[in-house]
Undergrad: 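Handing you this structure, nothing more for now.
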Amino acid sequence: MIQFADLHKAFDGKTVLAGVTLDVQDGETMVIIGYSGTGKSVALKHVVGLLQPDAGDVIVDGRAVSTLDRAGLYGLRREIGFVFQFAALFDSLSVADNVALGLRRRGLSEGVQGALALVDLTDAEVRMPAELSGGMRKRVGIARAIALRPRYLLYDEPTTGLDPVTAAVIDQLMVRTREHLGVTGIVVTHDMRSAYTVRDRIAMLYEGRIRQVAPVAEVQQTGDPVVRQFIEGRPG
């Protein structure tokens, strides 16, 4: 289980997270939606210790992330795959070498082909990132995240910058990955089509707090004007 426990974070005096509290149950995919700049990615980075909270914490299987030493944080990150917004591939490395990075750091020699097969890229091992489309780069990013068979998968805006057809492919890959690996997932997005496809539950982050968290049917029928305005894409 991943628990956001009254999480606070500010940058240069500007509050971004003002007490985020949210439980992500084992085996579910939680989608966190919200306007750009509301702190969705900031919240996600606290899960793997890329940011330190000002107050509160993220608890992963009983471990308070901000209290972990280097060894503890390293151990935690072995259990979590992180798919960055723009894939964050190393341009000087081939597709296979990008996917193999985490495996090699842990002295493992197998797993690349299986990860690429899961995202339908078995024929792209020797290609370089510059030769890939945006959608293919995202798929390589997913392959790298799942190569170590993590317990948790975190996706930061996985469909940003993609055309609708390619975005739908990424959505289906996220669903397939969950079903194949049985992982617990958190997906940060402002794309409601994607949110409705990959979710178990949806949480809306607004003004630094969780405004609503519920299954899709409840979110779609919400009486909260802020949530309704966002999910319907209406200007204020």
Undergrad: Can you check side-chain contact (heavy atoms from CB on, under 4.5 Å) on Asp61 and Arg151, steps first, answer last?
TA: CA-CA 11 Å; Asp61 295 332; Arg151 294 186 58 204; 2.6 Å; yes
Undergrad: With hydrophobic residues grouped by side-chain heavy-atom distances under 4.5 Å, do Met204 and Val20 end up in a single group?
TA: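 Unlinked, Met204 and Val20 end up in two clusters.
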Undergrad: Mind checking salt bridge (charged side-chain N to carboxylate O under 4.0 Å, His left out) for Asp156 and listing every partner two or more places apart, or none if nothing turns up?
TA: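 Salt bridge (charged side-chain N to carboxylate O under 4.0 Å, His left out) check on Asp156 returns nothing, list empty.
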Undergrad: Arg137 side chain to Pro129 main-chain N or O, any donor-acceptor pair under 3.5 Å?
TA: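 Judged by distance alone, yes, a pair lies under 3.5 Å.
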Undergrad: Tyr35: what forms a ring-ring contact (aromatic ring centres under 6.0 Å, His included) with it, not counting sequence neighbours?
TA: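 For Tyr35, the residues satisfying ring-ring contact (aromatic ring centres under 6.0 Å, His included) (neighbours in sequence not counted) are Phe230.
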Undergrad: Any side-chain to backbone donor/acceptor pair from Thr197 onto Arg193? Under 3.5 Å, distance only.
TA: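 Yes; at least one donor-acceptor contact below 3.5 Å.
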Undergrad: Tell me every residue that passes side-chain contact (heavy atoms from CB on, under 4.5 Å) with Ala195, counting only those two or more places apart in sequence or in another chain.
TA: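 side-chain contact (heavy atoms from CB on, under 4.5 Å) check on Ala195 returns Val31, Ile33, Thr189, Met192, Ile202.
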Undergrad: With sequence neighbours excluded, tell me which residues meet ring-ring contact (aromatic ring centres under 6.0 Å, His included) with Phe82.
TA: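 For Phe82, the residues satisfying ring-ring contact (aromatic ring centres under 6.0 Å, His included) (neighbours in sequence not counted) are Phe84.
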Undergrad: Show the atom names and distances, to 0.1 Å, of all donor-acceptor pairs under 3.5 Å that link a side chain in residues 86-100 to residues at least two apart or in another chain.
TA:
unit_1	atom_1	unit_2	atom_2	d
Ser94	OG	Asp97	N	3.2
Ser94	OG	Asp97	OD2	3.4
Asp97	OD1	Arg104	NH1	3.2
Asp97	OD1	Arg104	NH2	3.0
Asn98	OD1	Phe90	N	2.8
Asn98	ND2	Phe90	O	3.1
Asn98	ND2	Leu93	O	3.1
Asn98	ND2	Ser94	O	3.1

Undergrad: May I ask you to decide whether Asp12 forms a salt bridge with Lys14, counting only side-chain N to carboxylate O separations under 4.0 Å?
TA: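 The answer is no: the pair does not qualify as a salt bridge.
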Undergrad: Would a 4.5 Å heavy-atom cut-off, applied to side chains only, mark Phe4 and Ile210 as touching?
TA: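 Not in contact.
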Undergrad: Which side chain to side chain donor-acceptor pair (under 3.5 Å) pairs, counting each pair once, include a residue from residues 213-226, with sequence neighbours left out?
TA: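 Residue pairs passing side chain to side chain donor-acceptor pair (under 3.5 Å), neighbours aside: Arg211-Asp224, Gln212-Thr222.
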Undergrad: What residues, two or more places apart in sequence or in another chain, satisfy side-chain contact (heavy atoms from CB on, under 4.5 Å) together with Arg139?
TA: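 For Arg139 the side-chain contact (heavy atoms from CB on, under 4.5 Å) partners, ignoring immediate neighbours, are Val119, Asp120, Leu121, Met136, Ile170, Leu173.
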Undergrad: Cluster question for you: counting only ILVMFWY and a side-chain heavy-atom cut-off of under 4.5 Å, with indirect links fine, are Val175 and Tyr155 together?
TA: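 Result: yes, single cluster for both.
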Undergrad: Begin from the C-alpha positions of Leu116 and Glu125 and carry the test side-chain contact (heavy atoms from CB on, under 4.5 Å) through to its verdict.
TA: CA-CA 8 Å; Leu116 288 173; Glu125 288 187 49; 3.5 Å; yes
Undergrad: Are the side chains of His180 and Ile146 in contact, using a 4.5 Å heavy-atom criterion?
TA: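 No, side chains not in contact.
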Undergrad: Do side-chain atoms of Gln3 reach the backbone of Asp23 as a donor and acceptor pair under 3.5 angstrom?
TA: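 Here the side-chain-to-backbone pair does not exist.
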Undergrad: Mind listing the closest non-hydrogen atom pair of Leu7 and Pro53 along with its distance?
TA: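 Minimum heavy-atom contact is CD1-CB, 3.4 Å.
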Undergrad: Are Leu73 and Val65 close enough, and set up right, to give a side-chain contact (heavy atoms from CB on, under 4.5 Å), and what steps lead you there?
TA: CA-CA 7 Å; Leu73 198 56; Val65 176; 4.1 Å; yes
Undergrad: Side-chain heavy atoms under 4.5 angstrom apart, residues restricted to Ile, Leu, Val, Met, Phe, Trp, Tyr: same cluster for Leu50 and Ile32?
TA: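 Looking at the clustering, Ile32 is in the same group as Leu50.
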Undergrad: Can you list the residues that meet the side-chain contact (heavy atoms from CB on, under 4.5 Å) rule with Arg209, with sequence neighbours excluded?
TA: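 Partners of Arg209 under the side-chain contact (heavy atoms from CB on, under 4.5 Å) test: Ala18.
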Undergrad: Would you indicate whether the side-chain heavy atoms of Val58 and Ile2 approach each other to under 4.5 Å?
TA: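 Yes, side chains in contact.
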Undergrad: Using the test salt bridge (charged side-chain N to carboxylate O under 4.0 Å, His left out), find all partners of Asp57 that sit at least two apart in sequence or belong to another chain.
TA: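 Listed in chain order: nothing, the list is empty.
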Undergrad: Applying ring pair (Phe, Tyr, Trp, His ring centres under 6.0 Å), which residue pairs with at least one partner in residues 115-143 are found, sequence neighbours left out?
TA: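 Residue pairs passing ring pair (Phe, Tyr, Trp, His ring centres under 6.0 Å), neighbours aside: none found.
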Undergrad: Once rounded to the nearest 0.5 Å, what's the spacing between atom CG of Leu17 and atom CG of Leu205?
TA: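 That separation rounds to 6.5 Å.
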Undergrad: Between Leu22 and Val60, is there shared hydrophobic-cluster membership here, with clusters defined by ILVMFWY side-chain heavy atoms closer than 4.5 Å?
TA: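 Same hydrophobic cluster.
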Undergrad: Check whether Arg199 reaches the backbone of Tyr196 with its side chain - one donor and one acceptor, N or O, closer than 3.5 Å.
TA: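 It does hold such a pair.
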Undergrad: With a 3.5 Å distance limit and no angle check, can you tell me whether Lys138 reaches the backbone of Val83 through a side-chain donor-acceptor pair?
TA: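 Flag not set: sc Lys138 to bb Val83 has no pair under 3.5 Å.
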Undergrad: Once salt bridge (charged side-chain N to carboxylate O under 4.0 Å, His left out) is applied, do any residues pair with Asp6, and if so which ones, sequence neighbours excluded?
TA: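 Salt bridge (charged side-chain N to carboxylate O under 4.0 Å, His left out) check on Asp6 returns nothing, list empty.
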Undergrad: Any chain of hydrophobic side-chain contacts (each under 4.5 Å) joining Leu154 to Leu51?
TA: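 In one cluster with Leu154: Leu51, yes.
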Undergrad: Of all residues at least two apart in sequence or in a different chain, which pass the salt bridge (charged side-chain N to carboxylate O under 4.0 Å, His left out) check with Arg178?
TA: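 Salt bridge (charged side-chain N to carboxylate O under 4.0 Å, His left out) check on Arg178 returns Asp200.
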Undergrad: Is the shortest side-chain heavy-atom distance between Val213 and Met30 below 4.5 Å?
TA: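 Contact flag for Val213/Met30 side chains = yes.
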Undergrad: Before you tell me yes or no, could you show the steps for Phe11 and Val42 under side-chain contact (heavy atoms from CB on, under 4.5 Å), namely the whole-Å CA-CA distance, both residues' side-chain angles and the distance that decides it to 0.1 Å?
TA: CA-CA 11 Å; Phe11 297 98; Val42 171; 4.0 Å; yes
